[in-house]
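A short write-up of the structure that comes next.
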Amino acid sequence: MRIDILCLFPDMFISPFEQSIIKRAKESNLLNIVIHDIRDYTHDSHHTVDDYPYGGGPGMVLKPEPIFELAETIQHGVDTGDMPVVLLTPQGKLLTQKIVRDLALQPHLMLICGHYEGIDERVHEHLATDEISIGDYVLSGGELAAMVMVDAITRLIPGVLGSEESAKDDSHSNGLLEYPQYTRPETYRSWSVPSILLSGNHEKIAQWRKRQSILRTATRRPEMLQQVILSCEEKSWISERSLNQN
Ligand SMILES: C[S@@+](CC[C@H](N)C(=O)[O-])C[C@H]1O[C@@H](n2cnc3c(N)ncnc32)[C@H](O)[C@@H]1O
């Protein structure tokens with residue numbers, strides 16, 4: 001997969017993209033990330049990327065010309081097909097694991113990072129195919145949001161995660177939160193690992209994990225449970241627990 005990132009602060013990506021899973025994905029040629037500086041596509045001596053908002057008001061707005069020119073240079077000569085051009089904005093659709101899964105299937109993505117008061121509306125209207133927010137809060141720039149997206153997408157590119165770090169049981173992968181995890185020591189400060197996990201009975205362990213996932217989701221994110229299909233046995237197990245808690 002190739003991801004082109006258009007931004008004002010390319011150096012912000014250096015360390016995060018040289019560590020852990022993203023580094024490994026790049027080294028095994030499963031991921032190619034190209035960072036572009038929007039400033040390189042300005043044509044005045046000051047390399048101006050922003051200007052005052054029409055109508056007045058605080059802050060500066062990113063100008064459309066360098067962003068269109070850069071995006072069109074990337075698209076030129078490439079079979080862009082249905083290539084998503086994602087604008088990072090707090091006004092976009094909230095990023096979910098479902099969106100991440102869909103984007104991870106794309107061969108080529110473009111991510112556009114805003115800054116200051118945001119980006120000229122014509123970029124929203126005539127260049128972006130998708131607008132995505134990483135949460136209901138406002139960051140200073142889209143760079144951190146792009147890093148979050150790249151990290152979440154990279155985990156799902158086939159071949160990136162080894163079987164020992166598979167994403168299949170991760171929270172949000174199947175509509176549930178993940179079950180609790182434990183490692184050695186078996187007892188720490190008198191707190192013991194649930195005995196079922198030491199039993200070696202894989203069937204019972206799988207059942208315990210599924211039930212814990214359901215319980216956690218019911219307790220922490222009850223609205224998520226509305227979307228999950230549970231077996232009759234799971235439904236009656238969880239309703240008994242809910243009754244006991246009330
Ligand atoms: C200070 S914000 C601009 C916010 C804009 N004035 C508004 O109210 O919608 C600057 C840039 O940070 C990025 N950004 C801020 N919050 C974000 C979020 N929650 N998700 C994705 N990108 C975000 C966007 O690229 C945005 O253009």
Side-chain angles (χ1 to χ4, degrees), residues 1-17 21-22 31 33-42 46-75 83-106 108-157 170-172 221 223-224:
M1 166 183 255
R2 171 170 164 160
I3 304 180
D4 287 273
I5 301 178
L6 289 61
C7 67
L8 283 187
F9 297 95
D11 289 353
M12 285 179 73
F13 294 91
I14 295 172
S15 175
F17 286 179
I21 285 167
I22 295 180
L31 177 64
I33 304 176
V34 188
I35 316 275
H36 306 267
D37 189 340
I38 294 169
R39 219 171 273 284
D40 292 342
Y41 288 78
T42 54
H46 297 291
H47 299 289
T48 311
V49 288
D50 55 349
D51 210 332
Y52 296 100
Y54 274 122
M60 301 295 273
V61 176
L62 288 187
K63 292 162 67 60
E65 309 96 302
I67 297 176
F68 272 91
E69 191 178 322
L70 169 52
E72 285 161 4
T73 304
I74 295 166
Q75 288 168 332
M83 176 170 83
V85 177
V86 179
L87 183 61
L88 280 319
T89 161
Q91 303 180 20
K93 209 192 268 182
L94 273 184
L95 185 63
T96 60
Q97 193 68 7
K98 158 98 179 66
I99 294 177
V100 170
R101 239 188 332 258
D102 291 344
L103 291 176
L105 297 174
Q106 297 288 338
H108 195 172
L109 287 181
M110 201 187 292
L111 305 182
I112 303 177
C113 309
H115 225 91
Y116 313 127
E117 271 309 306
I119 301 187
D120 186 285
E121 188 64 20
R122 287 161 288 193
V123 173
H124 295 248
E125 288 173 353
H126 304 293
L127 181 58
T129 60
D130 300 89
E131 299 192 7
I132 291 192
S133 163
I134 64 159
D136 287 341
Y137 42 80
V138 178
L139 303 164
S140 307
E143 288 82 359
L144 288 169
M147 287 176 214
V148 167
M149 282 195 67
V150 170
D151 187 281
I153 290 169
T154 303
R155 297 173 58 73
L156 300 188
I157 298 173
D170 275 347
S171 297
H172 305 289
R221 296 288 301 275
E223 82 287 359
M224 282 172 61

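We number each residue from 1, following the sequence as shown. Start at 1 and go down the list; that is how both ligands and their atoms are numbered. All values below were derived from every heavy atom in this structure, side-chain atoms included, with hydrogens, water molecules and symmetry-related copies excluded.
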Within ligand 1, which atoms have a heavy atom of [X] less than 4.0 Å away?
X	result
Glu117	3 (C), 5 (C), 6 (N)
Gly114	11 (C), 25 (O), 27 (O)
Ile132	21 (C)
Gln91	7 (C), 9 (O)
Gly141	11 (C), 12 (O), 13 (C)
Tyr116	1 (C), 2 (S), 3 (C), 10 (C)

For this session: With heavy atoms only and a cut-off of under 4.0 Å, state how Thr89 meets ligand 1: side chain, backbone, both or neither.
Result: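 Backbone only.
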For this session: Check Ala145 against ligand 1 and report side chain, backbone, both or neither, counting heavy atoms closer than 4.0 Å.
Result: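 Side chain only.
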Which residue holds the protein heavy atom closest to [atom], what is that atom called, and what is the gap in Å?
atom	value
atom 19 (N) of ligand 1	Tyr137 O, 2.9 Å
atom 25 (O) of ligand 1	Leu88 O, 2.6 Å
atom 2 (S) of ligand 1	Leu139 O, 3.3 Å
atom 20 (N) of ligand 1	Ile134 N, 3.1 Å

For this session: Identify whether the distance between the nearest side-chain nitrogen and carboxylate oxygen of Arg155 and Asp151 falls below 4.0 Å.
Result: no
I'd like to check [X] versus [Y] (side-chain heavy atoms, cut-off strictly below 4.5 Å). Are they in contact?
X	Y	value
Leu6	Ile74	yes
Leu144	Met12	yes
Leu88	Leu139	no

Problem set entry | His115 and Phe9 aromatic centres sub-6.0 Å |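 That pair passes the under 6.0 Å test.
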[X] pairs by side chain to side chain contact (heavy atoms under 4.5 Å, CB included) with which of [options]?
X	options	answer
Leu109	Met149, Arg2, Met1, Met83	Met1
Tyr41	His47, Glu72, Glu65, Glu69	Glu69
Pro84	Asp102, Ile132, Asp130	Asp130

For this session: Taking atom OH of Tyr54 as the centre, report whether more than 12 heavy atoms of other residues, nucleotides or ligands fall under 6.0 Å from it.
Result: no
Exercise. Quick one: does Ser133's side chain have a donor or acceptor within less than 3.5 Å of a partner on Gly135's backbone?
Worked result: yes
Problem set entry | Option of least heavy-atom distance to atom 14 (N) of ligand 1 (set: Cys7, Gly57, Pro90) | Pro90
For this session: With atom 13 (C) of ligand 1 as the reference point, say which of Gly118, Gly142, Ser133 has the nearest heavy atom.
Result: Gly142
For this session: Could you establish whether Asp136 and ligand 1 come within less than 4.0 Å of each other, counting only heavy atoms on the residue side?
Result: no
